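One structure below.
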Amino acid sequence: MAIGLDLLVQFFPNFASIVLAATGLAIIFGIMGVINLAHGEFIMVGAFSTSLAYNGGIPFLPIDALPGLSRLIGAMLFAALVTALFGLLVERTIISGAVPNWISERTLGRPVVTPLYDRLLDSMVATWGLSLIMVQTFRNVFGNSLSGVPIPFGELSYGNSSIGLYQVLLAGVAAFVLIALYLVFVRTDYGMRARATIQNESMAQSLGVNTERTYMATFALGSGLAGLTGALYTPLLSIEPGLGSVFLVDAFVAVVVGGSSVVVGTLLSGGLLGIVDTLFSNVYGTFAGRIALLIVAIVLIRFIPQGLSSLVERLRERRLEVD
Amino acid sequence: MGVESDDTATRGPLGRLAAALHGPNTMGNSRRFWYLFGVVVLLFVFFPLYMLPSAVTNMSQYLSLVLLALSLAVVWGYTGVLSFGQVAFFGVAGYTYGIVAINVTGPLGTIAGLVVAVGIAALFAAILGYFMFYGGVSDVYVTILTLVVVLVLKTFLDQTAGDEWTIGEAALGGFNGMPGIPDLALGIGEPFLVFNDTVLFYAALLAVLVTYLGLRALLNSDYGRVMVAVREDEDRTEMLGYDVKRVKLTVFTFGGALAGLSGVLYVTYFNYISPSELSLTAASLPVIWVAVGGRKTLLGPIVATIFIERLGLFLSVNVGDWAFVINGLLLLVIVLLLPEGLLPGLRDLVSWIGDRRGDSDTDDTTDPTGEVIE
Amino acid sequence: ALTGSGSSDTIKLGILEDQSGNFALVGSPKHKASLLAIEEINNNGGINGQQIEYFDPDPQSNNQRYLELTRRMINQRNVDALWAGYSSATRETIREPAIDPNDQLYFYTTQYEGGVCDKNVFAVGPTARQQLGIVLPYLVEEYGSDIYTIAADYNFGQLSADWVKVLADENDANVIGEEFIPLSNSEFSSTISRIQDADPDFVMSMLVGSNHTSFYKQKASAGLDIPIGTSTAMAQGYEHLRLDPPAMSNIYAGVNYMEEVPTNRNTKEGGFVDRYYEKFPDAPYLNEEAENNYFSIYMYKRAVEQAGTTDQEEVKAALESGITYPAPEAPDGEEIKLVPETHHVNHHMWVMRADEEHNVEAVDDRVIDETFLKDTVGCDLTSKDEETQYTPQDYYEEAG
Amino acid sequence: MSDTADGMDPAVKQTSAELATGVDTDTILQTEGLTKRFGGLTAIDDVDFGVEAGELRCLIGPNGAGKSTLLNLVTGALSPSEGEVYFEGHEITGLDPHERIRHGLSIKFQVPSVYEDLTVRENVRLPIQRLAAGSERDERMADALSASGLSAKADVTASALSHGEQQQLEIGMAASLDPDLLLLDEPVAGLSVDERTEIADRITQLNAERDIAFVVIEHDTDFVAEIADHITVLHQGETFREGSIEEIEADPEVQRIYLGGETDA
Amino acid sequence: MLELDGVRAGYDSTPILRNVDLSVEEGEIVGVMGKNGVGKTTLVRTVMGLVEPNEGTVRFDGRDVTETPPHERARSGMGYIPQGREIFPDLTVEQNLRMGESINESSSDLLYEDVFDYFPILDERRDQNGGTMSGGQQQMLAIARALVANPDLLLLDEPSEGIQPSIVQQISEDMRAINEDLGTTILFVEQNLSVIRDMADRCYAMERGTIVDELGATDLEDEETIASYLAV
Ligand SMILES: Nc1ncnc2c1ncn2[C@@H]1O[C@H](COP(=O)(O)OP(=O)(O)OP(=O)(O)O)[C@@H](O)[C@H]1O
Ligand SMILES: Nc1ncnc2c1ncn2[C@@H]1O[C@H](COP(=O)(O)OP(=O)(O)OP(=O)(O)O)[C@@H](O)[C@H]1O
Ligand SMILES: NC(N)=O
Ligand SMILES: [Mg+2]
Ligand SMILES: [Mg+2]
C-alpha cells in the first residue's frame with residue numbers, strides 16, 4: 001500500500017517531465033518535419049528568461065516587483081513568450097530561410113536557401129549548429145550560471161515520505177497543456193491545415209492555406225512550449241547554459257514512441273515511459289530506471305514503429321469494422 | 001547477390017582497374033581528378049617531413065575518424081539508412097580491442113584484438129541490423145533507435161567503475177575510462193613494428209586510402225548500384241528482385257566493421273577509451289561530417305572530417321570563448337547554402353558560374369520561337 | 001630535456017583549463033587563478049629572474065581536444081610544466097599517450113578519488129579520503145552513526161562511497177543505505193523518498209555536476225531537513241551562492257579550500273580573495289581547484305628556484321625534496337607540504353557549514369595526511385618510478 | 001538468380017504436385033480464395049483468378065473494385081487476409097516480393113515508379129545486371145533502351161522525362177527482368193493518343209515475340225479493346241465477368257456498373 | 001474572368017511557357033489541349049500562382065494577380081484540381097474535403113450535398129485516409145475538394161485520368177450542370193476526346209509552350225480536328 005502510494009506520487013513528476021519535454025519537439029517534428037536538436041536550448045532560453053525576469057534582470061519590465069506567486073507566474077509567462085518570439089526569429093532566418101533569401105534576392109537576384117521543412121536530417125545538422133551557438137553565446141553573455149528561483153508551494157507529505165508539491169502540480173500543468181493542445185487541434189482547423197501543409201505544401205496553398213504563416217505559427221507554438229517547459233523547471237534546476245541537454249533525449253524518445261499524433265502520442269508515451277521509469281527507479285534504483293526507459297523505447301520502436309498513437313488509431317478502425 | 005563481373009576483359013588490367021573505380025556513384029571521374037588525387041596523396045605521404053610531430057599524430061587521429069565518417073557515408077549516404085549509432089560500433093570495438101590487447105600481451109595480442117574487435121563490431125551491427133530491418137523499422141525510426149542504443153551503452157559503461165567490471169586484467173573503468181591500451185604491433189614475441197607516432201600515421205593513411213579506393217570500387221560495382229537503388233526507392237528495388245532487407249543488413253554490418261576498425265585505430269592513438277566516445281555529441285559528429293561534406297560522396301566526408309576536426313583545434317587555440325559559436329555558424333551556413341554538402345556544393349557552384357558565363361551569350365540570342373523545349 | 005626554441009629566456013607554462021563547455025563553471029576559476037599566480041610572479045621578478053610565458057588555449061571540456069592540445073604544448077610550445085584538466089577522465093586521456101611518453105611535468109589539481117602514483121604527475125588536489133576524512137567524523141560526532149550515501153554513478157562517486165564505508169568503520173558508524181545516481185539524472189523525488197524511509201542521522205552526498213545540483217533544491221522543497229556531508233558541493237560549484245536559500249542549509253563540506261575559508265592569507269585585506277577579485281572583478285567565485293592551481297604554481301616556482309634550472313627531471317627531483325608553501329588554505333605560520341613519495345599534498349582540511357541564509361562558516365579544521373598511497377599501497381616515487389592509478393580494490397587487498 | 005532452390009522445399013513440391021493434378025498446366029498464375037480486408041472493407045473477396053501462359057489479359061472494373069489490390073497481393077506488396085497465390089505451380093503466398101520476382105513475375109505500378117534521381121541508363125541497368133553480365137548485359141541494356149525509345153536520353157536523369165517517357169521506361173525495366181508474367185497497372189493513364197498507340201504496340205510485341213503473359217489494368221476501353229485476348233471484370237472485390245472484349249462490351253450489367261450508358265466510339 | 005497576357009514562365013532556368021495569351025469569359029467552359037509535355041500543366045499552375053511568370057500578366061476577376069500568392073487566389077475563388085490528384089494522404093477523406101472549404105471566402109455555401117451526390121463513395125469513406133483510396137477514388141476526391149466551397153473559377157488538369165468510363169461521362173455532365181446552375185467558370189486540360197467534345201464551349205490548342213490555335217464550338221463537333229491536335 002505504502003509502496004503503491006509512493007509509486008503513484010513519484011509517477012507525477014516523471015510523467016510531467018517527459019510530457020513537458022516532448023510537446024514542443026513533437027509539434028515541430030510532427031507538423032513541420034523539422035528535428036530540432038536545439039530543442040534543449042529553447043528550453044534553456046525559457047529558463048534563463050524566467051530567472052532574469054524573476055530576479056529583475058530585464059530592464060523596463062518590473063516583474064520582480066510583483067508580489068508573491070504572481071511574480072513567478074509573470075516571469076514564466078514572459079519566458080514562454082520570449083521563447084516563442086525567439087522561435088519565430090529562428091524560423092524566419094534559419095528554418096524557412098526567408099530572411100537570407102530576402103537579402104539574396106535583392107543582391108544576387110535569387111534565393112539561396114531551401115527551407116528545412118520536412119528535411120529531417122538537414123534540419124538536424126542545422127539545429128545542431130544552432131545549439132552550439134546558443135549554448136556558448138549564453139555562456140559568454142550571461143556567464144556560467146544564473147541565480148535561481150525558489151520552489152513554490154512547499155511540501156506534500158504522505159506516509160513517512162514527502163515530496164515538493166510543485167513537482168506534483170507540474171503533472172497537472174502537463175495534463176493541462178495536453179488538453180489545451182487537444183482543443184487547439186480539434187476545435188480549430190489549425191492542426192489539420194498544418195498537417196496538410198507538411199504533406200503537400202503547394203496543394204495546401206492552392207486550397208487557400210497561407211503555408212508560410214502556418215509554419216511560423218507552428219514553430220512559434222513549439223518554441224513557446226519549450227520555453228514554458230524551461231520556465232516551469234527553472235525553480236527545480238540549476239540555471240546553466242547546458243541545462244537543456246537533460247531534456248533532449250527523453251523528449252526524442254517520447255516523441256518517437258508516441259507516434260504521429262502529438263497529443264495522444266505524447267500522453268501515451270509520457271504515461272508509459274513515466275510508469276516504467278518510476279517502477280524501475282523505485283525498485284532497482286535510478287540507473288535501472290534510466291536503462292529500463294531506454295530499453296522499453298527500443299522495444300516499442302521495433303514492435304510498434306508507428307508509435308503508440310497508432311494503436312489508438314487501430315482501435316478506432318476496429319470499431320469502424322464492428323459498426 | 002550473385003553478380004557477375006564487368007565486361008572489361010578487353011581493356012587490360014589497368015583498364016579494368018580504372019573501370020572498377022569509375023562510375024556514376026562517386027565524384028572525380030576525370031583524369032584531372034586523378035592527377036590532383038596523386039598530388040594530395042603525395043602531400044600526405046610526406047606530411048611527417050614538413051609538419052611537427054604533434055600535427056602528425058593529430059592527423060592520424062583525424063584519419064582514423066575518417067573511417068568512421070566513411071562507414072556512415074556508405075550506410076547513410078549510399079544506402080539511405082541513417083544510423084545515429086556508428087559510434088556504438090566504434091566504441092564497442094575500442095573497448096573490445098582494449099580488453100583483448102590488455103589481456104593477451106605481445107604483438108599477437110594486439111593483432112588478435114584488432115581482429116576480434118572488428119568482428120565483434122560487425123556482429124553487433126549484424127544483430128542490431130537484423131532486429132531492425134527484419135522487423136520493419138525504417139527511416140527516422142532507425143535513426144532514433146540506433147541513437148537510443150548508443151545511449152544505453154553509454155549509460156551502462158558510465159557505471160562500470162566497480163571491480164566487478166574487470167575482465168581479466170582489463171577494468172572497464174566507468175566514466176573515467178579504460179587506460180593502458182597498448183599500441184597495435186606486428187611481430188611474434190617481440191614487436192618489430194609498433195604502430196605509434198609516424199607509424200600510426202602511415203597505417204591510418206594507408207587504411208583511409210585502401211578504404212577509399214575499395215569503396216569506390218564497391219560503389220561502382222553492381223552491388224553498389226543496388227545499394228543506391230535501395231536508397232532511392234526500396235519498393236521499386238524489391239520489385240526488381242533484390243532482397244532489400246538483406247542488402248541493408250549486409251551494408252549495415254559492413255559499416256559496423258568499418259566503424260569498428262576506426263574505433264581500434266582511434267584507441268591506439270589515445271591508448272585509452274572512455275564512455276564519452278558514446279555521448280550524444282560524439283554520436284552526432286559523424287552525421288555532421290557526412291552531411292557537411294556531402295553524403296552522396298566519399299570524398300566529401302573525408303574532407304569534412306579532417307576540416308571540421310582541424311578547425312575545432314584551430315578555434316580552441318586561437319579564438320577561445322567564441323569558438324563554439326563560430327563552429328556552429330559554419331555548420332549552419334554550409335547546411336543552408338550547400339544542402340548537398342561542401343564538395344558537391346562547390347562543384348555545382350563552379351559549374352553554375354561556368355553556366356552563367358556561357359548562358360549570358362545564349363540568353364541574349366535565344367529566338368523566342370527557338371527550339372528550347374525538347 | 002628541452003630543446004628550447006628562440007625564447008629560452010622565459011619559462012613556459014601550459015594552462016589547459018576549460019573556459020567553455022560543460023566544465024566551464026569549475027574550469028574558469030582554475031584558469032583565472034593560474035593567471036593570477038603567473039602575473040604575481042612576473043611582477044615580482046619572475047622565477048630566477050626569468051619571466052613566465054604561458055599558453056592557455058581552451059580545451060572546451062572535450063577530452064579529444066585535451067590530447068591534441070597537450071601534444072601541442074609539449075611538442076610545439078616545449079612547455080616546462082603543464083596544468084591541465086578538471087575531470088579524472090581528462091587526466092587519464094592525456095596521461096598515458098602524452099604525459100608519460102614525454103616525461104612531461106604535469107600538475108593535476110582537482111579534488112579527486114585518489115590513487116594516482118605516477119612519476120610525472122603531481123596530483124595536488126585533496127583526495128576523497130582527505131575530504132571525507134574531515135567531514136565524516138565530525139558529523140558522526142554531531143549527529144549520530146547512521147549514514148545514507150548518495151553518489152554520482154561513476155568512478156569518483158563509487159570510490160568516494162567506498163571511502164565513506166572505510167571511514168564509517170574507522171569511526172564506528174554504519175552506512176545504512178547507499179545509492180548511485182547517473183550523471184544525467186536531475187529528478188530526485190524517489191531518492192528523497194528512500195532517504196526518508198531509511199531515516200539516517202545524516203546523508204553523505206557525493207553528487208556531481210549541474211544535473212545533480214537539483215537534488216538540493218528538490219530535497220528542500222520536499223521538506224527533507226537533514227544534515228548532509230559532502231566532498232563535492234559548494235567548494236567547486238558554489239551552489240550556496242547559485243541556489244536560493246534554504247537549499248544548502250545544514251550542508252557540511254569537507255574541503256581544503258573555498259572562498260570563505262577564514263585564514264588571514266585568504267580573507268585578510270590584500271589577501272588571496274582580494275587579489276583575485278581585483279584582477280577579475282566580474283568573476284563569480286574563487287573555488288577549491290582555483291586555489292590548488294594557484295599554490296601549485298608557487299610550489300613550482302620554489303622547486304625551480306631550488307633546482308636552479310627548468311630542466312624537468314631536476315624540477316621533479318626538487319619537488320620531491322619536501323617542498324612546502326604557505327597556501328591560502330593554511331592558517332598563519334603553517335605551510336602545506338608536498339609528499340615526496342606520492343606527489344600528493346597533505347592539505348589543511350576544513351569543515352564548512354552553510355546555514356539557512358547560506359552563510360558559510362568553518363566548524364572544524366586540521367591537517368589531514370594523504371595516507372592511502374603512502375601507507376596502504378606503498379607508493380614511493382622517490383625510489384621507484386611508477387605510472388599507475390590504485391583503486392580501493394588495492395586498499396582492500398592491502399588493508400584487508 | 002534462378003529459382004532452382006525452391007525445388008528443394010518439400011512443401012512447395014507437394015503443393016505443385018497437387019496443383020499439377022487438378023489444374024491446367026498452362027496456368028501460370030492462379031489465386032485461390034484470395035481475400036483482402038482493410039478494416040471493415042473487403043477489397044478482394046474470395047477471388048480465384050487465373051492467367052494462362054502467354055495470355056494477354058486485361059483487368060477492368062469500377063474505381064475501387066480492387067484491381068490494384070489484387071496485383072499487390074500477387075506481387076507480395078500486400079499480404080492477403082485469406083487465400084493463396086500460385087505461380088507456375090508453386091505456392092508463393094508467403095514469399096517476399098523479391099522472391100516472387102525471381103520466380104518470373106514483374107510489375108509496373110499504378111503511380112510511375114522509376115528511380116527519379118538516377119539516369120535512364122542506370123535505371124535500365126538495375127534489372128538487367130542481376131541477370132546478365134559482360135557483353136550480354138550491354139546488349140540487353142541497349143535493346144531495352146531502344147525498345148523504350150529512350151536511347152537518345154540514356155544519360156538524362158529520369159526525373160526530367162515526361163510522364164509518358166517514364167511509363168515507357170518503367171515498362172522497359174519490368175520487361176527486362178525476363179518475366180513470364182508482367183503486371184501493368186494503368187500503363188497509359190495521362191498519355192496522349194500517339195503514346196497510347198506506342199505502348200499498345202510495345203505490349204503486343206512483347207507478348208508475341210517474347211511470349212510474356214500480361215495482366216493489364218486500364219480504364220481506356222479503346223486501348224483495352226486493342227490489346228486484350230481476354231478480359232476479367234472485377235466488381236466490389238469479386239470477379240464479376242470474364243470473356244472476350246465483344247462479350248464484355250455487350251454485357252448490360254458491365255455497361256451499368258462500369259462502362260456507362262454508351263461506350264466510346 | 002481570367003486573362004493571361006504575354007506570359008512566359010518556366011522552372012528554374014528552363015523556360016516552358018512562351019508568350020501565352022489566353023482569356024476565359026465569366027460562365028465559359030474552356031478547354032486546353034495538346035500533347036504530353038507541351039506545358040498545359042505549367043499553364044494551369046501559372047494561373048493558380050504555383051509557377052511565377054517571368055514576364056506577362058495574369059488577371060483574375062478584373063484584378064492583376066500576377067504577384068498574388070496562390071492561397072490568396074484560392075480564397076478569392078479559384079478552385080484547383082491538379083494533375084496527379086495530390087490528395088493529402090494522411091488526412092481522412094472528410095478532412096481532405098474540409099481543406100477545400102477555404103476556397104472562395106466570399107461565398108458561404110458549402111456544397112457537400114451536391115458533391116456527395118456526384119461521388120457517393122466519398123460519403124461512405126469519410127473516415128478512410130485519403131492515401132489509401134484507390135486511384136480513381138482519389139481523383140474523385142480531388143474534384144470534390146475543389147468543388148465544396150463553390151469556386152468562381154474551376155481549374156481542372158486532366159480530370160478524367162484514371163476514372164472509370166461511366167464516371168468520366170458523368171463528370172462531363174456534372175461540370176456542365178455546375179456551370180449552368182452555379183455559373184462557375186471552368187478552364188480544363190484534357191487528353192480525352194470525348195470529354196473535350198462534351199464539355200468545352202471553346203478550346204485552345206497548345207504546342208511547345210505556346211497557344212497555337214483556338215477551336216470554336218463548330219470545330220469541336222469534329223473529332224478529327226480534335227484528334228489532330230492531340231496526336232502527332
Ligand atoms: N490501405 C487501405 N486501407 C483501406 N482501404 C483501402 C486500402 N487500400 C485500398 N483500399 C480500398 O480498397 C478498395 C480497392 O482499392 P484498389 O486500389 O484496389 O482499387 P482499384 O480497383 O485499383 O481502383 P482504381 O481503378 O480507382 O485504381 C478501394 O475501395 C480502396 O479505397
Ligand atoms: N518541376 C519541373 N521542373 C523542371 N521541368 C519541369 C517541371 N515540371 C515539368 N517540367 C517540364 O516542363 C515541360 C512541360 O510540362 P507540363 O507538365 O506543363 O506538360 P503537360 O503539357 O501538362 O504534359 P502532360 O500532358 O504529360 O501532363 C515538360 O518538358 C516537363 O518535363
Ligand atoms: N575528479 C573528478 N571529480 O572527476
Ligand atoms: Mg488502381
Ligand atoms: Mg500535365
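A, B, ... follow the sequence lines: proteins, then strands. Residue 1 opens every chain. In this text the structure is predicted, and so the values were computed from the model without any measurement.
The distance from the CD atom of Glu155(A) to the CG atom of Leu224(C) is 9.5 Å, given to the nearest 0.5 Å. Rounding to the nearest 0.5 Å gives a distance of 9.0 Å between OG of Ser189(C) and CG of Asp6(A). Atom OH of Tyr233(A) and atom OG of Ser214(C) lie 10.5 Å apart (nearest 0.5 Å). Remark: Leu243(A) CG to Ser186(C) OG distance equals 9.0 Å, nearest 0.5 Å.
Most heavy-atom pairs under 4.5 Å with chain A: of the set Glu179(C), His212(C), Gln218(C), Gln19(C), this distinction falls to Gln218(C). In terms of heavy-atom pairs under 4.5 Å with chain C, the best-connected choice from Leu165(A), Val135(A), Leu237(A) is Leu237(A). Counting heavy-atom pairs closer than 4.5 Å to chain A, the top residue among Leu241(C), Ile192(C), Asp197(C) is Asp197(C). In terms of non-hydrogen atom pairs under 4.5 Å with chain C, the most contact-rich of Ser281(A), Gly154(A), Ser245(A), Gly164(A) is Gly164(A). With chain C as partner, the option from Gly242(A), Pro13(A), Ser147(A) having the largest number of non-hydrogen pairs under 4.5 angstrom is Pro13(A). Chain C forms the most heavy-atom pairs under 4.5 Å with one residue out of Val149(A), Asn140(A), Val9(A), and that residue is Val149(A). Among the candidates Val246(A), Asn14(A), Leu236(A), the residue making the largest number of heavy-atom pairs closer than 4.5 Å to chain C is Leu236(A).
Considering every non-hydrogen atom in both Arg194(C) and Gly285(A), the closest pair reads NH2-CA, 4.4 Å. Shown here for Pro182(C) and Phe287(A), the closest heavy-atom pair between the two residues is CG-CA, 3.8 Å.
Proximity to chain A involves both the backbone and the side chain of Leu25(C), based on heavy atoms less than 4.5 angstrom apart. For Leu146(A), the part lying under 4.5 angstrom from a heavy atom of chain C is the backbone only. Looking at Tyr166(A), there are no atoms closer than 4.5 Å to chain C (heavy atoms on both sides), in backbone or side chain.
Judged purely by distance below 3.5 Å, without hydrogens or angles, the side chains of Ser190(C) and Gln10(A) never pair a donor atom with an acceptor atom. For the residue pair Glu187(C) / Ser17(A), no side-chain donor-acceptor distance below 3.5 Å is found, with atom types taken as modelled.
Within 6.0 Å of the CZ atom in Phe280(A), the count of heavy atoms belonging to other residues, nucleotides or ligands does not exceed 12. Residue Tyr284(A) qualifies as open at atom OH: its count of foreign heavy atoms under 6.0 Å is 12 or below.
A donor-acceptor pair under 3.5 Å is formed between the side chain of Arg139(A) and the backbone N or O of Gly21(C). The backbone N or O of Pro235(A) sits less than 3.5 Å from a side-chain atom of Lys217(C), completing a donor-acceptor pair.
Within the 4.5 Å cutoff, no side-chain heavy atoms of Pro284(C) are placed close to those of Asn144(A). Annotation: side chain of Gln196(C) is in contact with side chain of Ser162(A) (closest heavy-atom distance under 4.5 Å).
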In sequence, state the C-alpha distance, the side-chain angles, and the governing distance for Arg242(C) and Ile239(A), and then conclude on side chain to side chain contact (heavy atoms under 4.5 Å, CB included). CA-CA 8 Å; Arg242(C) 287 163 47 218; Ile239(A) 309 306; over 6 Å; no

Thr286(A) and Thr191(C): CA distance, side-chain angles, deciding distance, side chain to side chain contact (heavy atoms under 4.5 Å, CB included) verdict: CA-CA 8 Å; Thr286(A) 323; Thr191(C) 302; 4.2 Å; yes

Would Ser145(A) and Tyr238(C) count as a side chain to side chain contact (heavy atoms under 4.5 Å, CB included) here? Give the steps. CA-CA 10 Å; Ser145(A) 80; Tyr238(C) 48 101; 4.2 Å; yes

Ser184(C) and Arg290(A): CA distance, side-chain angles, deciding distance, side chain to side chain contact (heavy atoms under 4.5 Å, CB included) verdict: CA-CA 9 Å; Ser184(C) 60; Arg290(A) 189 80 215 138; 4.0 Å; yes

